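In what follows, a structure is listed as structure tokens, so that the remarks can point back to it.
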Amino acid sequence: MTGLFDVTGKVAIVTGASRGIGQAIATRYAEAGMKVALVSRKQDALDAVAEELRAKGADVLPIAAHNGDKAALTAMVEVVAARYGGVDVLVNNAATNPHFGPVLDAPDSMWQKTLEVNIMGPMWLAQAIVPVMRQRGGGKIINVASVNGLRPGTMQGIYSATKAAVINLTQTLAMELAADNIQVNAIAPGLIKTKFAEALWSNPDILEAVTTRTPARRIGEPDEIAGMALYLASPASSYTTGQVMVVDGGVTVPML
Ligand SMILES: NC(=O)c1ccc[n+]([C@@H]2O[C@H](COP(=O)([O-])OP(=O)(O)OC[C@H]3O[C@@H](n4cnc5c(N)ncnc54)[C@H](OP(=O)(O)O)[C@@H]3O)[C@@H](O)[C@H]2O)c1
């Protein structure tokens, strides 16, 4: 592929790549000719995705690292940069949502875990990767937030607060890194059919309530987020930074 969307040979790190949205993004990146480091906690699950992609001719590196472990994330970036000679794209996609209920009832441990995985992990990765991107003359950081970062999800207050923080952090990093030719953007998906959100879409009442207020009249599939991630990784997004790209079937459009 040549031109605006040409990402051939670019190196990406995708966290949460063993399933769901991260797997879909990693797959589309690999198909577009990118070299992709597949990251999550479980090496077995990553190896299985890697095997599938390598069978299609992709150059991928499955490497386990917990998003709440700064040392593991930093070491992972070093391994990927050494293997591929640099990093062009970071997709901060891994996240957790362990608490379902009123925020006032949540123990501190729930806050700490969610803050660490959803905010500190992406920040630690940015800290490790920016020097590598500067050496390359630029790069792309793509943070997977959520529509719940724009409007809080019912009984998901901690998660929603972390996603709002991810959006705000995206804007700060975009300002701080613009001069380095590093574009930083967020994607805010609506409800997507993955394991992460299974408690929502497998409940017929919740599913009906969401589809009824979604103009598209359905929830999304993981692959429907991948196109936005490809745009944000490509030269086509060279003047796009600090933005929140909402991909939600129209659910956040206020309807009269
Ligand atoms: N699904 C939705 O409706 C929806 C909506 C809006 C936003 N999002 C966002 O989309 C992103 C991906 O979610 P998904 O729906 O695709 O979820 P998913 O299918 O459950 O996948 C989550 C991925 O993250 C990895 N992961 C989980 N905890 C981790 C940790 N502590 N460290 C490293 N990796 C970890 C998982 O692999 P391991 O188990 O191997 O670690 C897995 O690869 C998240 O940021 C989520 O907030 C999802």
Side-chain angles (χ1 to χ4, degrees), residues 13-28 36-50 62-73 75-77 90-100 110 112-122 124-125 142-154 156 158-167 169-170 186-203 206-207 210-211 214 216 218-226 228-229 244-249 251-252:
I13 292 176
V14 180
T15 67
S18 63
R19 60 174 188 264
I21 293 168
Q23 182 181 2
I25 293 172
T27 300
R28 290 294 184 175
V36 189
L38 311 165
V39 183
S40 81
R41 290 166 300 181
K42 298 181 192 113
Q43 189 66 47
D44 288 0
L46 295 169
D47 288 344
V49 174
I63 177 165
H66 193 300
N67 233 44
D69 183 342
K70 183 177 183 176
L73 293 173
M76 178 275 290
V77 171
L90 165 64
V91 182
N92 272 316
N93 168 75
T96 192
N97 185 11
H99 181 72
F100 191 84
M110 290 288 181
Q112 275 149 5
K113 182 181 166 64
T114 316
L115 293 169
E116 205 155 84
V117 172
N118 295 9
I119 304 176
M120 293 314 300
W124 288 327
L125 279 168
I142 302 162
N143 296 323
V144 178
S146 168
V147 291
N148 289 158
L150 301 168
R151 298 172 201 188
T154 310
Q156 300 174 72
I158 301 178
Y159 171 76
S160 300
T162 64
K163 291 299 186 176
V166 165
I167 289 170
L169 193 58
T170 298
I187 301 175
L191 183 56
I192 307 295
K193 196 168 186 184
T194 68
K195 187 178 173 203
F196 193 83
E198 191 168 358
L200 301 178
W201 54 259
S202 67
N203 178 321
I206 297 176
L207 182 63
V210 174
T211 51
T214 302
R218 63 177 178 83
I219 64 169
E221 296 292 332
D223 196 42
E224 295 184 283
I225 305 301
M228 184 59 76
V244 186
M245 319 302 274
V246 178
V247 184
D248 69 348
V251 75
T252 49

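These figures come from a predicted structure and were not determined experimentally. Just so you know, ligand 1 is whichever comes first in the structure, and atom 1 is the first atom listed for that ligand. Worth knowing before you read on, the calculation uses all heavy atoms, side chains too, and leaves out hydrogens, waters and symmetry mates.
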Which atoms of ligand 1 sit under 4.0 Å from any heavy atom of [X]?
X      : value
Gly20  : 16 (O), 19 (O)
Ala95  : 27 (C), 28 (N), 44 (C), 45 (O), 47 (O)
Ala197 : 1 (N), 2 (C), 3 (O)
Pro189 : 5 (C), 6 (C), 7 (C)
Asn67  : 30 (C), 31 (N), 32 (N), 33 (C)
His66  : 31 (N), 32 (N)
Ala65  : 33 (C)

Quick check: Thr194 and ligand 1, any N/O pair under 3.5 Å apart?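 It does: an N or O of Thr194 is found under 3.5 Å from an N or O of ligand 1.
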Any N/O of Gly22 closer than 3.5 Å to an N/O of ligand 1?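 Such a contact does not occur with ligand 1.
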Is there a heavy atom of [X] sitting under 4.0 angstrom from any atom of ligand 1?
X      : result
Leu191 : yes
Tyr159 : yes
Ala145 : yes
Gly220 : no
Ala45  : no

Heavy-atom distances under 4.0 Å decide this one: backbone, side chain, both or neither, for [X] against ligand 1?
X      : answer
Val117 : side chain
Ala188 : neither
Ala17  : backbone
Lys193 : neither

Do Pro122 and Asn67 make a side-chain contact, defined as non-hydrogen atoms from C-beta onward lying under 4.5 Å apart? yes
For a 4.5 angstrom cut-off between non-hydrogen side-chain atoms, does Val144 reach Pro189?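 Side-chain contact under 4.5 Å: yes.
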Test your reading of the model: is there a side-chain donor-acceptor pair from [X] to the backbone of [Y], 3.5 Å cut-off?
X      : Y      : value
Trp201 : Thr194 : yes
Ser40  : Ala17  : no
Ser160 : Gly153 : yes
Asn97  : Tyr159 : no

Measure the distance from [atom] to every protein heavy atom, then report the residue, atom name and distance (to 0.1 Å) of the closest one.
atom                    : answer
atom 43 (O) of ligand 1 : Ser18 OG, 2.6 Å
atom 48 (C) of ligand 1 : Ile21 CD1, 3.8 Å
atom 40 (O) of ligand 1 : Ser40 OG, 2.7 Å
atom 25 (C) of ligand 1 : Gly16 CA, 3.6 Å
atom 12 (C) of ligand 1 : Asn93 OD1, 3.2 Å
atom 3 (O) of ligand 1  : Ile192 N, 2.8 Å
atom 4 (C) of ligand 1  : Gly190 O, 4.0 Å
atom 18 (P) of ligand 1 : Arg19 NE, 3.5 Å

Contact summary for [X] and [Y], nearest pair of heavy atoms:
X      : Y      : value
His66  : Val117 : CE1-CG2, 3.9 Å
Ser146 : Ile167 : O-CD1, 4.3 Å
Ala26  : Leu38  : CB-CD2, 3.5 Å

Using the rule side-chain contact (heavy atoms from CB on, under 4.5 Å), only one of Thr211, Val210, Thr214, Val251 pairs with Leu191; which is it? Val210
Matching residue for Ile187 among Val91, Asn143, Ile142, Val246 - test: side-chain contact (heavy atoms from CB on, under 4.5 Å): Ile142
For atom 35 (C) of ligand 1, which of the options Gly121, Gly149, Ala94 provides the nearest non-hydrogen atom?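 Comparing heavy atoms across Gly121, Gly149, Ala94, the nearest one to atom 35 (C) of ligand 1 lies in Ala94.
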For atom 30 (C) of ligand 1, which of Arg41, Gln156, Gln23, Gln43 has the closest heavy atom?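 Answer by nearest heavy atom: Arg41.
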Considering the options Asn118, Asn148, Thr114, which one meets the side-chain hydrogen bond (donor to acceptor under 3.5 Å, both in side chains) requirement together with Thr162? Asn118
To the nearest 0.5 Å, what is the distance between [atom1] ([X]) and [atom2] ([Y])?
X      : Y      : atom1 : atom2 : result
Asp223 : Ile25  : CG    : CD1   : 10.0 Å
Leu46  : Arg19  : CG    : CZ    : 10.0 Å
Arg218 : Glu224 : CZ    : CD    : 4.0 Å
Ser202 : Lys193 : OG    : NZ    : 9.5 Å

